[in-house]
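Just the heavy atoms: all of them, side chains too, but no hydrogens, waters or symmetry mates, feed the values below.
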Amino acid sequence: MELLKKTAVEMRKALLAKEVSAVELVNETYKRVDDVEEKIGAFNSLTKEYALNVANEVDKKIAAGEELPKMAGIPLALKDNINLKGYKTTASSKILENFTSPYNATVSKKLAESFVPVIGKANLDEFAMGSSNENSAFGKVHNPYNLNKVPGGSSGGSAASVAALESAVALGSDTGGSIRLPASFCGISGFKPTYGRVSRYGLIAFASSLDQIGPFGRCVEDIVDLYETIAGYDEKDSTSLNMPAGDISKTFKNDIKDLKFGVIKELMAEGVNDDVKRAIEDAVKIYEKLGATVKEVSLPLLKHSIGVYYIIATAEASSNLARFDGVKYGYRTSEAKNLMEMYTKTRKEGFGDEVKRRIMLGTYALSSGYYDAYYKKAQQLRRLIKEDFDRIFKEVDVLVSPTCPTTAFDIGSRNEDPLAMYLTDIGTICANLIGAPAISIPAGFDKDGMPVGMQLISQILQEEPLLRAAYNFEQETDFNTRFANL
């Protein structure tokens, strides 16, 4: 158990010192999964054969004195919308319940090349559509800090597995906050890089102009190491950025006296939980103590981000999910008299309610007579929101806000009110709309002992100051060293 409480950096030191073998580390992780998985529901499937094969390779290389990549031998949970060759990739949907991936996503390939043992495929909201991980076809995920509360979504399984010590690190995908929100609710760190920094090839698409794969970890150094493992140009992804990701590991531990921080006024206003607000205010004082400049900034167009996001995201989802029709692969209804009925019944039976809702909203926004009024206007406003951020980034380097206005809420409490659920993402959506890097790090706990997350956002391609700001805050606090009592 104490071994699993180590960060990935500490695990690597133990491996290289031969205090533990990679196989022992993986087996210890699976023992933990056996102990707590029934309570958490973090995984859709386990990949034990794969993980042990990789761990064996790591042990052989250590014995031979070979140099290993930073993440070699570190147990990782992989969100179940990222393809891993030869294993199921379901996106937590009935329509892909029995789909076995015939190829590796680019990030999966990079993990294999770095000898990272993938423990299993992590549960998520179906097709990454949700903020609570209650929309999975294979069961809800529970928050390790309180099993009656949600872990956040859509990457709830990835975040919960790290918080519950079922994995050391994890990969998720972030379309409107789906890495940062569960990181906040589960008391760990979660990072969404600049759009295009990490290849989306092999990620099952939700909204292609917003989706981005990113890492979870229990400390910022783990985040940096995993990010550098998966980042880089990929010719298989047309949106991949053909530029070096930079060697952040050399500088992210430097001080932050040169950085200017802006606290987003609109995200600290009415509606923010008192405990959350207090935690962010305390965090700001820490940055001032460390010598950084801090001021309040205003982004007046931010109030439109929810509406813009849910038009663009649902429109792209409507287009992307058209491929799931029962013809090529995946689920097909057994009750159809003709082709059209087969299409209709397959999609009706295969998709969950939230996915259907978003497909219908997106199809409406793209339909003849409504395209200009909704989708086109949303894209125009998206540009204006980006210009608003560009203006602010001329004054500050890093923006500060709560990751979410509240801490984790009760399971089932928002299911009857989709709008209330959508508003959960009010603080995180903006980073996806403008393509900027953003991170959520632990910033405290509320009166009930639930974690509070602080979000940091920096300008496009400026991951280094963002991760430096996160690291320096982490060094001044102990929030990331606390564990859920399962």
Side-chain angles (χ1 to χ4, degrees), residues 8 22 26 29 42-58 68-93 96 98-124 127-128 154-155 157-159 161-162 166-175 178-179 190-193 196-206 208 211-217 222-223 225-241 245 329:
V26 167
T29 301
F43 291 102
N44 286 337
S45 60
L46 299 176
T47 51
K48 196 166 187 177
E49 182 184 9
Y50 180 93
L52 286 170
N53 285 341
V54 172
N56 266 310
E57 284 298 308
V58 171
L68 285 167
K70 284 182 179 178
M71 297 304 296
I74 307 301
L76 175 142
L78 188 66
K79 188 173 180 179
D80 200 16
N81 60 348
I82 300 172
N83 282 305
L84 183 67
K85 186 176 180 180
Y87 293 88
K88 282 187 179 182
T89 301
T90 70
S92 287
S93 178
L96 284 175
N98 296 309
F99 175 70
T100 299
S101 177
Y103 71 99
N104 271 326
T106 295
V107 293
S108 299
K109 182 171 177 285
K110 285 176 178 269
L111 292 175
E113 290 169 349
S114 294
F115 305 101
V116 180
V118 175
I119 296 298
K121 304 299 293 295
N123 202 344
L124 64 145
F127 284 103
S154 64
S155 307
S158 294
S161 74
V162 175
E166 295 180 277
S167 65
V169 291
L171 288 185
S173 64
D174 192 309
T175 307
S178 289
I179 289 174
F191 174 49
K192 182 199 87 72
R197 280 291 204 195
V198 177
S199 173
R200 292 183 298 110
Y201 178 76
L203 169 70
I204 296 176
F206 165 14
S208 302
D211 297 341
Q212 185 61 80
I213 295 171
F216 290 96
D222 289 356
I223 293 282
D225 288 346
L226 185 50
Y227 166 64
E228 291 187 339
T229 299
I230 62 172
Y233 174 67
D234 180 17
E235 63 182 12
K236 293 177 179 177
D237 176 2
S238 63
T239 60
S240 178
L241 296 172
Y329 53 83

Seminar exercise, completed: Interatomic distance, CD1@Ile179 vs OG@Ser155, rounded to 0.5 Å, equals 5.5 Å
Exercise. So, Thr29 side chain and Ser167 main chain: donor-acceptor pair closer than 3.5 Å or not?
Worked result: no
Exercise. Once you round to the nearest 0.5 Å, how far does CG of Asn104 lie from CG of Leu111?
Worked result: 9.0 Å
For this session: Output, in order, the C-alpha distance, side-chain angles, deciding distance and verdict of side chain to side chain contact (heavy atoms under 4.5 Å, CB included) for Leu226 and Phe191.
Result: CA-CA 10 Å; Leu226 185 50; Phe191 174 49; over 6 Å; no
Exercise. Hey, does the side chain of Asn83 reach the backbone of Gly202 with a donor-acceptor pair shorter than 3.5 angstrom?
Worked result: yes
Seminar exercise, completed: All heavy atoms of Pro117 vs all of Ala51, minimum pair found to be CB-O, 3.6 Å
For this session: Verify whether one side chain among Thr47 and Lys121 offers a donor that lies under 3.5 Å from an acceptor in the other.
Result: no
Exercise. Charged N to carboxylate O below 4.0 Å: is that the case for Lys70 and Asp225?
Worked result: yes
For this session: Would you indicate whether the side-chain heavy atoms of Asn44 and Lys88 approach each other to under 4.5 Å?
Result: no
Exercise. What's the shortest heavy-atom distance between Phe216 and Ser178, and which atoms?
Worked result: CZ-O, 4.4 Å
Seminar exercise, completed: Smallest heavy-atom separation, Ala22 atom then Ala55 atom, equals CB-O, 3.5 Å
Exercise. Taking the side chain as C-beta and beyond, is there a heavy-atom pair between Leu84 and Ser101 under 4.5 Å?
Worked result: no
For this session: For residues Lys110 and Ala231, report the shortest heavy-atom separation together with the two atoms involved.
Result: NZ-O, 3.2 Å
For this session: Step by step, work out the side chain to side chain contact (heavy atoms under 4.5 Å, CB included) result for Val198 and Tyr227.
Result: CA-CA 8 Å; Val198 177; Tyr227 166 64; 4.2 Å; yes
Exercise. Looking at OG1 of Thr89 and CG of Asp80, how far apart are the two atoms once the value is rounded to the nearest 0.5 Å?
Worked result: 5.5 Å
Exercise. What distance separates Ile204 CD1 from Ser173 OG, expressed to the nearest 0.5 Å?
Worked result: 9.5 Å
Problem set entry | Distance (rounded to the nearest 0.5 Å) between Ser108 OG and Tyr50 OH | 7.0 Å
Exercise. Nearest 0.5 Å, what's the OG1-CG distance between Thr175 and Asp211?
Worked result: 3.5 Å
Seminar exercise, completed: Taking every heavy atom of Val26 against every heavy atom of Ile119, the minimum-distance pair comes out as CG1-CD1, 4.2 Å
For this session: Give a yes or no on whether Lys109 atom NZ has more than 12 heavy-atom contacts from other residues, nucleotides or ligands under 6.0 Å away.
Result: no
Exercise. With distance as the sole test, does Asp237 use its side chain to make a donor-acceptor pair with the main-chain N or O of Arg200 at under 3.5 Å?
Worked result: yes
For this session: Mind listing the closest non-hydrogen atom pair of Ala105 and Ile82 along with its distance?
Result: CB-CG2, 3.7 Å
Problem set entry | With Asn123, the side chain to side chain donor-acceptor pair (under 3.5 Å) member among Ser45, Ser92, Ser158 | Ser92
